[in-house]
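These figures come from a predicted structure and were not determined experimentally. Protein chains get the first letters and strands the later ones, always in sequence-line order, with residue 1 at the start of each.
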Amino acid sequence: MKSICFYFQVHQPFRLRPYRFFDIGNKHNYYDDIQNKWLCRRIADKCYLPTNRLMLDLINKYEGRFKISYSITGTVIEQFKLYTPEVIESFQKLVDTGCVELLGETYMHSLAALKSEKEFAQQVSMHTKLMQETFNYTPTVFRNTELIYSDEIGRMVKRLGFKAQCMEGAKQVLGWRSPNFVYEHRDHNGLKLLTKNFQLSDDIAFRFSQSSWKEYPLTCDKFVNWLNAIDSPNCVNLFMDYETFGEHQWEETGIFEFMRYLPEEVFAKSSFDFQTPSFVANNYEVKDYLSSVSPVSWADEERDISAWLGNDIQNDAFDQIYEMEDLVKETQNNDLIDVWRHLQTSDNFYYMCTKWFSDGDVHKYFNHYSSPYEAYINYMNILSDFRLSVENLMHNDK
Amino acid sequence: MKVLMFGWEFPPHISGGLGTACFQMTDALVKQGVDILFVIPNRFKDEKDNGTRILGANEVKIDFKSFWSEEYFKHLSFVEVNSELVPYIGINDYYNIVNKNYQTKETFEHNAFRYFSFQGGYKENLMEEVEKYALVASNIAKENDFDVIHAHDWLTYKAGIVAKKISNKPLVIHVHATEFDRSGENVNPTVFNIEKEGMEAADRIITVSNYTKKIVVEKYHQNPNKITTVYNGIDIKEGETNKISNPFNKKIVTFLGRVTFQKGPDYFIEAADKVLKRDKNIIFVIAGSGDMLNRMITLVAKKRISKNFFFTGFLKGNDVEEMFRRSDVYVMPSVSEPFGISPLEAMREGVPTIISKQSGVSEVVSYAVKVDFWDIDAMSDAIYALTHYPAINNMITKNATKELKKINWDKAANEIISIYNNVTV
């Protein structure tokens, strides 16, 4: 028995509006509603709606043999509710088939795990609640924002009651080991670890339409040959952004056709089946224990957290938002707490990344600011206004 | 008195202080009966009207068969190789420029009439525009009648030199800044040479301060007797200026200007850091843009003072005034400032100022705290004092307002007219 385990990340941040120094103290609406609406509509039309239709077709066609999993953030669900409610319906239909697993994560797609266990736990339970309300589903497998994992994060996830966690199959953690097995937390605490096969995942997510790639064009036939060439795997974990379909790889690249015919090819020419993360975690034997003292992620060549916390401006902004935790929570004002949480969305820090030359291209694609410094200034102006709102509220209460 | 004046910018199309200074200077000269033909690279036709006749070099039809242009070619070889070296931009912008496709260069068809196009401002083809501008100037000098030529800053010195050669009329060059102010000791040799050529060819050199006069004497080896200092002025606005209260309920200390080496923004941040160690109830603002901006943002993040430190980016029009009206202290920590009009603008809005001793404006202002640009201890002491001790703050603010009335363009215009009279006899 060997399995392909698909997991797709579904996320959109609330993009912040251009916020000037002179706006501080005067304007308290921080989101770029027009842009968020426009992007949500565009991505729904190009990716979410057609891809969900495709997945539903495949699930129906193979009568339970084709299975996939999703992690859908709170911020994207909020935007679906605001701008494209039909996307929620289409996900509900998928979940109702029973062939779809939903994973747990932080509601805000935040980096709270790196800073505050209390806030991390609250955001995870907010997300679980949202999954229950929206899909009548309780996640049992966890994926942290951008697959960020460390021993310490694994302990927290275990304490929150999850039985498995998805992570990057980063070389600095796996070493000589293969990503195609189930592992467990170094504490032998029962938390199973599913490691992403980044070679095969990124062949689809990043290289699919790259004409300079020597394997271009990628066909189902070729991909199944690669799967078959893997030496006695248990599970091949293909983790990627859901926006790969139709947004990062446009429809014209043939990405939809690739996905449409992949299951057929897999069933015809290999002995793989499709399984969800919880099945994989429950049914394959643990091969070894993994340890990662410092956090690893699925981003960039480094597979670390330097895309979000790699320079002075990112670290400064990050520390300042979490510095406010106690004060904000003390207000017991739900609106303020909600804004504070939205400002934690990891994308805000990603925009401030200055790693221009290695992975700068990918960063630029996802960035509506003209420079990381502009992103920082904008964020800090908003944070200042927010801080004033919190301070004023506390002051008036006294 | 008829003056052929060469400038690079004129309101409303300005990117630095030069355009504003030229406008106010011509304004005052015209009022005293001087007839000015003011040449700028590109005329947009919405230039502010103060009685100065504005001529765009882009509007001048050039006849290449004409003897005078041929003569010009003999005098000045046309250098294009340096056209990508732009002294006003930093490494990041430069990188963008060299990675961009070049525009096609102008070709010179002999036996043809043609117009030249200009971008104006300080763009990547600046050197080329300087040359083209001088070429057009030869034609303007031939076609127009005037008594004296007056050229503002190095961009127009070549034009001034050519006009003098064509017309045999005296040349006055006006030094608003030198390459040493802009670049420290790392001068751009091409710019330096143009500046020096202009000074050598001039019958009279006007500097905007004795500080600049000293640089012209020491670095360009000019005879001090050929140089006259004429300070810039400032227009006084009528009526009260209202402070705008800020949402922080904290004092605001402002730096406003280009964020470049010359303006010393790094010293401002170091001083702010020192002040904030003593008192967190002060807000610092850097208003402006420039090649050092990103480094300054990183420095502030690194020092972890961003809670009290803001960057507004480049401010336009009313925003400048609004920034002053929000400010409680204005700091100009320039490393080298030939004049420096911005402290006077701050004073005009009732804001007490701290200015570097390495500036021309410190020669005309008494009621300002003067510090060496590198002395961040003195600078932070001054910031602390002006934000904490009302007595010194009030004294400086009150007297500075009176003092401003003596620094006006009418006085400057009189001095310039006597220089014109002097060179035309």
Side-chain angles (χ1 to χ4, degrees), chain A residues 18-28 308-324 327 343 348-349 351-357 360-361 364 369-396, chain B residues 90-93 95-96 99 244-250 252-256 259 265 269 273 280-281 283-327:
Chain A
Y19 194 93
R20 303 178 67 219
F21 172 72
F22 295 117
D23 295 336
I24 298 172
N26 297 321
K27 295 181 182 166
H28 313 296
W308 304 274
L309 299 172
N311 63 34
D312 291 317
I313 56 178
Q314 291 171 315
N315 292 330
D316 183 46
F318 184 70
D319 287 349
Q320 286 203 27
I321 187 80
Y322 284 102
E323 199 183 283
M324 297 181 69
L327 187 67
L343 291 174
N348 290 317
F349 306 101
Y351 302 140
M352 302 173 198
C353 179
T354 46
K355 294 194 291 178
W356 291 111
F357 298 111
D361 286 349
K364 260 192 164 160
Y369 294 104
S370 65
S371 92
Y373 300 95
E374 188 188 308
Y376 169 74
I377 295 297
N378 209 54
Y379 186 82
M380 297 308 274
N381 285 347
I382 287 174
L383 195 57
S384 296
D385 183 73
F386 176 70
R387 190 184 289 112
L388 285 174
S389 301
V390 174
E391 284 169 359
N392 288 341
L393 186 78
M394 294 307 275
H395 189 73
N396 294 340
Chain B
I91 190 82
N92 294 334
D93 289 333
Y95 178 81
N96 290 337
N99 281 293
I244 302 176
S245 66
N246 72 73
F248 304 100
N249 286 319
K250 291 173 182 172
I252 293 188
V253 180
T254 302
F255 167 107
L256 195 148
V259 185
I269 294 173
D273 190 29
K280 293 259 186 291
N281 285 313
I283 297 285
F284 291 85
V285 177
I286 284 187
S289 188
D291 64 348
M292 272 172 68
L293 181 60
N294 291 347
R295 254 194 295 156
M296 295 302 100
I297 291 169
T298 307
L299 184 61
V300 164
K302 198 175 200 147
K303 287 182 174 292
R304 298 303 175 104
I305 53 174
S306 60
K307 236 186 256 181
N308 295 70
F309 215 112
F310 293 88
F311 293 87
T312 67
F314 183 74
L315 293 185
K316 278 178 250 178
N318 291 339
D319 285 348
V320 174
E321 201 179 300
E322 188 170 340
M323 193 63 241
F324 281 129
R325 287 168 61 195
R326 281 166 185 257
S327 304

Side chain from CB out, backbone as N, CA, C, O: work out which of these in [X] comes under 4.5 Å of a heavy atom of chain B, or both, or neither.
| X | value |
| --- | --- |
| A:Asn392 | neither |
| A:Ile313 | both |
| A:Ile377 | side chain |

Intermediate values then yes/no, side chain to side chain contact (heavy atoms under 4.5 Å, CB included), A:Glu391 and B:Asn249: CA-CA 12 Å; A:Glu391 284 169 359; B:Asn249 286 319; over 6 Å; no
Region of B:Asp319 that comes under 4.5 Å of a non-hydrogen atom in chain A: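 For B:Asp319, heavy atoms of backbone and side chain both lie under 4.5 Å from chain A.
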Closest heavy-atom pair and its distance - A:Gly25, B:Pro247: CA-CB, 3.6 Å
Audit row: A:Phe22, B:Leu315, side chain to side chain contact (heavy atoms under 4.5 Å, CB included) steps and yes/no: CA-CA 11 Å; A:Phe22 295 117; B:Leu315 293 185; 3.7 Å; yes
Non-hydrogen side-chain atoms of B:Thr298 and A:Tyr373 separated by less than 4.5 Å: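 With C-beta onward as the side chain, the pair touches.
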Among the listed options A:Glu374, A:Met380, A:Gln320, the residue most often paired with chain B at heavy-atom distances under 4.5 Å: A:Gln320
Pair A:Asp319-B:Arg304, side chain to side chain contact (heavy atoms under 4.5 Å, CB included): steps then yes or no: CA-CA 10 Å; A:Asp319 287 349; B:Arg304 298 303 175 104; 2.6 Å; yes
Nearest-0.5 Å distance, CG of residue B:Leu293 to OG of residue A:Ser371: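 One gets 8.0 Å once the value is rounded to the nearest 0.5 Å.
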From CD1 (A:Ile24) to CZ (B:Phe310), nearest 0.5 Å: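 Those atoms lie 4.0 Å apart.
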Salt-bridge present (B:Lys302, A:Asp316; N to O < 4.0 Å):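 Answer for the salt bridge query: no.
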Whether B:Phe248 and A:Phe21 hold their rings parallel, tilted or perpendicular, with breakpoints at 30° and 60°: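 Judged by the thresholds at 30° and 60°, the geometry between B:Phe248 and A:Phe21 is parallel.
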CG/B:Asn318: more than 12 non-hydrogen atoms of other groups inside 6.0 Å: no
